[in-house]
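Order of listing sets the numbers, starting from 1, for every ligand and every atom in it.
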Amino acid sequence: MTSVLEPTLGLLHEQADRVDEDLLPCRANNPELWFAESPADVEFAKALCQECPVQALCLDGALSRREPWGVWGGQLFLQGAVIPRKRPRGRPRKNETAA
Ligand code: SF4
């Protein structure tokens, strides 16, 4: 038994099970929004997360699991890291440099 409460996916589900599903935006709305291709849909999902009662736990868990993709805890994850926003499809701008 550990003394530190780790933000596991199991713990998130446990917490989420204690609140009314209607209060969890990713359950009350179309879950596809949280993995959407459209930048506008991703921003909408991020905004909906702000109303979620388990947002902090969700974000902590996603950070510790290094989620590969999707909106978790009001942030967009890509390859385990939070990125500010999703880029639209298409060619990168000419003046963009590789990170
Ligand atoms: S914070 Fe997590 S659990 Fe809450 S709506 Fe967003 S993705 Fe779903």
Practice task
Determine whether Trp72 and Val82 make a side-chain contact, defined as any pair of heavy atoms from C-beta on separated by less than 4.5 Å.
Solution key: no
Practice task
Give a yes or no on whether the backbone of Glu51 and the side-chain of Gln55 come within a donor-acceptor separation of less than 3.5 Å.
Solution key: no
Handout entry: Of all pairs that satisfy salt bridge (Lys or Arg N to Asp or Glu O under 4.0 Å), the ones with a partner from residues 66-85, not counting sequence neighbours
Key = Arg65-Glu67
Problem - Min side-chain heavy-atom separation Ser38-Phe44 under 4.5 Å - result: no
Practice task
State whether the side chain of Gln79 and the backbone N or O of Pro68 hold a donor-acceptor pair below 3.5 Å, judged by distance alone.
Solution key: no
Problem - Min side-chain heavy-atom separation Val71-Phe35 under 4.5 Å - result: no
Exercise for the section: Keeping waters out of it, list the protein N, O or S atoms under 2.8 Å from atom 8 (Fe) of ligand 1. Expected result: Cys26 SG
